Amino acid sequence: EHAYPADELMPLTCRGRVRGQEPSRGDVDDALGKFSLTLIDTLDTLALLNKTVEFEAAVKKVLSDVKLDNDVVVSVFETNIRHTMAVCLREQGQHMLWYQDELLHMAKDLGLRLLPAFNTSSGLPYPRVNLRHGVRGPETRTGTETRNSNLVGTTINIHSGEWVRKDSGVGAGIDSYYEYLLKAYVLLGDDLFLQRFNTHYASIMKYISQPPLLLDVHIHKPLLPARTWMDSLLAFFPGLQVLKGDLRPAIEIHEMLYQAFTSDFRVHWAQHPLRPEFAESTYFLYKATRDPYYLEAGRSVLENLNRFARVPCGFAAMKDVRTGSHEDRMDSFFLAEMFKYLFLLFADEEDLPFDVEDYILTTEAHFLPLTLSTASHTTLPPAVNILGKSWMTQTLIGPAPTLAYCFLTQHSPTAFGNQSGLLLTTTDMMELSGQQLKEQLPPRAVQIISHPFFGRVVLTAGPAQFGMDLSKISIGVQGYLAMAEPYSGCTEQANADLLAGRIALLQRGQCMFAEKARHIQRAGAIGGIVIDDSEGSSSDTAPLFQMAGDGHSTDDIILPLLFLFHKEGNILLEALREHREVEVTAAFFKGKALASSMMESIVESQEEEDCPAEEVDNTVPNTPTPLTQSHLSTKDSGVEAASEKEAYKLGNGNGEGLEKGEEPVEMGGVTDSQSHDPMLIDWKEDIEAFC
């Protein structure tokens with residue numbers, strides 16, 4: 001109704017997303033090929049829901065309207081995983097009687113258009129291909145592709161065979177490889193696939209699995225974690241473990257994911273594009289155990305989708321799960337996978353128009369019939385019947401009652417079982433994860449050093465995983481602020497003359513962080529500060545945010561990029577609006593990170609101690625006026641007094657650092673009952689409060 005024939009629906013503005021007509025979102029757009037992606041991706045969802053009339057009409061739309069000869073660069077992987085089904089309905093003799101394998105011919109045409117990507121010396125394909133011209137432009141010949149074997153990295157140079165990224169996990173960039181090894185064995189019966197999968201799985205369970213967590217590690221130092229958080233894509237893994245017949249860890253991991261997505265139970269990436277992987281694992285675990293606990297988990301998913309994501313024109317991705325804000329985005333996988341898994345979870349056999357046990361589901365939840373295989377299925381393991389009771393009773397070790405493991409027997413949704421069989425509570429998890437937090441990148445700082453701040457205002461900033469490493473720069477990067485134009489930083493900058501030699505302010509959203517950095521770098525900026533677009537976000541309530549790259553090499557980015565939440569960013573924006581010329585230092589916090597709640601408020605500090613205002617010189621002093629201990633709130637028992645804090649060598653206007661006892665004030669921590677508004681109304685009062 002709102003988007004056809006576009007690839008995707010934009011549910012907030014009730015229109016279609018057409019590639020090239022909307023701001024680039026980086027790699028996310030590589031799935032859009034101007035071939036009505038959502039229509040194709042959801043055809044078999046209609047079939048599964050027994051919407052045969054709608055399915056037949058949709059197939060006719062595909063055949064009449066969809067063209068594949070498009071001059072557009074697409075992802076080889078994302079394009080390949082979209083499939084559909086029509087033959088089974090024709091064979092039922094009631095619908096699709098006119099159908100003569102037209103979709104099969106289109107699939108062959110599409111396959112031939114993807115084949116040029118495999119014309120490499122190693123046989124590993126280019127990650128992108130132009131549907132009309134093949135591999136010819138620099139946007140397709142990137143030389144890297146995501147692929148994995150044993151305990152390996154996630155990105156490999158297809159020409160040299162060298163690993164570009166050497167962190168290994170089971171989530172983004174690696175998930176479908178493991179999934180397809182086992183499913184290829186089930187479908188084709190080639191023992192080589194099973195041998196490779198078992199080799200990988202053993203290494204995963206030895207190094208990456210840290211029950212009940214799945215944490216990335218370095219391939220050459222597998223005992224060293226590469227990160228302490230988990231992405232939502234790895235939520236598919238319990239479902240794959242069900243297929244393998246390894247129920248015990250599948251139950252553990254799924255329950256942990258149900259409680260929290262990170263090892264420290266904090267939100268590291270607030271966006272949620274309505275991914276289906278958790279629903280997928282919930283479905284497979286229910287099929288294997290028949291435990292109603294998983295029906296309740298599915299009900300929770302369903303109710304939350306309707307409560308938080310449903311909008312008049314569809315379902316909108318969550319921009320920030322903490323604030324409930326939406327993103328004008330509804331990926332095709334939402335209808336192709338999420339709807340399908342939830343329907344399968346609750347459906348009775350009589351609700352299904354065909355026997356799902358005759359199929360294996362692809363990574364996009366499309367049905368591949370087991371009859372495709374030319375191998376003898378008599379030699380295959382019981383896992384062939386991936387959904388049925390025959391598989392469940394033959395692959396599980398021990399009697400069925402052992403499935404009521406740990407939290408299932410005790411009906412405790414906050415307790416997990418570890419490999420030793422002991423219960424691990426949520427509190428235990430948080431305590432054990434404390435040591436893992438040390439692996440996170442430490443915070444950065446933005447210090448305002450120009451009049452009338454003179455280095456007294458310091459904002460906690462999040463780092464980027466690319467660009468200049470400020471920890472190696474003793475005094476940081478100093479410069480005047482300038483607004484990017486466009487503010488998103490997602491296209492070439494129109495005000496390059498103004499940005500040259502300055503630190504650019506940008507807004508989060510619409511494209512990848514690395515893309516923003518490249519645009520301001522080409523404009524001559526010496527640094528960038530990305531401000532969160534989620535209104536009300538603050539370092540007081542959110543954990544440190546780290547900006548990731550775009551999945552490709554970011555060696556070309558040499559300037560520093562920092563991240564400020566909305567409230568902290570507004571302090572910079574208001575300062576720039578009032579004073580026009582605002583100079584800051586972007587630096588590295590040396591020592592402990594400033595506690596978010598260290599300062600209750602400027603105004604409250606002034607009320608607690610009668611502090612006479614001092615005259616402010618228009619020149620930048622050699623060192624900021626030191627704060628006395630009484631100006632820092634120590635009500636929180638976890639906050640040390642100022643005199644006990646370590647010194648922070650943050651540069652001021654003369655490149656000098658603050659000495660011990662002369663700490664800058666962090667403006668990032670204001671309690672809920674207070675506001676930054678007084679600070680933004682009258683900066684002179686703030687300076688007086690600092691005395």
Side-chain angles (χ1 to χ4, degrees), residues 1-11 13-22 29-116 129-134 313-315 329-337 339-340 353-354 359 362 364-369 372:
E1 179 181 353
H2 300 289
Y4 187 78
D7 283 314
E8 289 180 350
L9 168 69
M10 300 176 69
T13 53
C14 300
R15 58 195 174 96
R17 183 179 296 279
V18 179
R19 192 168 177 181
Q21 296 183 13
E22 303 293 336
D29 285 339
D30 288 344
L32 311 182
K34 297 184 178 179
F35 40 36
S36 298
L37 173 65
T38 298
L39 174 67
I40 294 176
D41 212 5
T42 55
L43 282 176
D44 61 355
T45 302
L46 289 172
L48 179 68
L49 297 176
N50 210 16
K51 302 289 186 181
T52 52
V53 175
E54 292 89 341
F55 175 80
E56 187 168 2
V59 171
K60 290 180 178 179
K61 276 187 176 292
V62 171
L63 299 181
S64 63
D65 298 349
V66 173
K67 302 293 184 279
L68 299 175
D69 188 31
N70 301 324
D71 186 9
V72 60
V73 175
V74 297
S75 163
V76 174
F77 171 77
E78 294 292 344
T79 304
N80 186 53
I81 62 176
R82 268 71 181 187
H83 302 285
T84 188
M85 58 187 305
V87 176
C88 67
L89 294 182
R90 181 184 63 187
E91 292 174 348
Q92 293 177 1
Q94 297 178 347
H95 300 277
M96 305 291 294
L97 299 179
W98 53 268
Y99 180 71
Q100 298 295 324
D101 294 336
E102 288 88 349
L103 291 177
L104 184 62
H105 297 314
M106 289 186 70
K108 180 180 179 181
D109 180 17
L110 183 59
L112 292 173
R113 295 178 185 276
L114 299 180
L115 275 181
V129 67
N130 187 295
L131 289 177
R132 178 179 295 173
H133 303 292
C313 293
F315 289 80
R329 168 183 179 184
M330 190 181 88
D331 291 82
S332 68
F333 56 67
F334 180 69
L335 295 178
E337 298 185 71
F339 270 31
K340 190 174 296 165
F354 54 87
Y359 298 84
T362 71
E364 191 76 5
H366 295 303
F367 294 95
L368 285 180
L372 287 178

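Keep in mind it's a predicted model, so treat the numbers as computed, not measured. Basis for what follows: all heavy atoms, side chains included, without hydrogens, waters or symmetry-related copies.
- Look at Asp29 and Arg17 and you find no salt bridge, because none of the NZ, NE, NH1 or NH2 atoms lies under 4.0 Å from a carboxylate O.
- Taking CG of Asp71 as the reference point, atom CG of Leu131 lies at 9.0 Å (rounded to 0.5 Å).
- Residues Leu112 and Leu115 are in side-chain contact: their nearest non-hydrogen atoms beyond the backbone lie under 4.5 Å apart.
- Residue Phe334 holds its CZ atom at 12.0 Å from OG1 of Thr42, rounded to the nearest 0.5 Å.
- Figure legend: Lys61 and Tyr4 shown as a cation-pi pair, the cationic atom lying under 6.0 angstrom from the six-membered ring centre and within 45 degrees of its axis.
- The minimum heavy-atom distance linking Cys313 with Leu9 is given by the pair O-CD2, 3.0 Å.
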Steps toward side-chain contact (heavy atoms from CB on, under 4.5 Å) verdict (Tyr359, His366): CA-CA 9 Å; Tyr359 298 84; His366 295 303; over 6 Å; no
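- Expressed to the nearest 0.5 Å, how far OG1 of Thr52 lies from CD of Glu56 amounts to 7.5 Å.
- At distances below 3.5 Å, not a single donor-acceptor pair connects side-chain atoms of Asp331 with backbone N or O atoms of Phe333.
- With hydrogens and angles disregarded, a donor-acceptor distance shorter than 3.5 Å links the side chain of Asn70 to the backbone of Lys67.
- Judged by distance alone, the side chains of Asp30 and Ser75 never bring a donor and an acceptor atom under 3.5 Å apart.
- Atom CE in Met96 sits 8.0 Å away from atom CD in Glu102 (nearest 0.5 Å).
- Qualifying salt bridge (Lys or Arg N to Asp or Glu O under 4.0 Å) partners for Asp109, counting only residues two or more places apart in sequence or in other chains: Arg113.
- With hydrogens and angles ignored, the 3.5 Å screen pairs no side-chain donor or acceptor of Lys51 with any backbone N or O of Leu48.
- When each of Glu78, Arg82, Glu337 is paired with Ser332, the side chain to side chain donor-acceptor pair (under 3.5 Å) condition holds for Arg82 and for no other.
- Between Glu8 and Arg19 no salt bridge is recorded (no basic side-chain N to carboxylate O distance below 4.0 Å).
- Here the shortest heavy-atom pairing between Leu32 and Val74 reads O-CG1, 3.8 Å.
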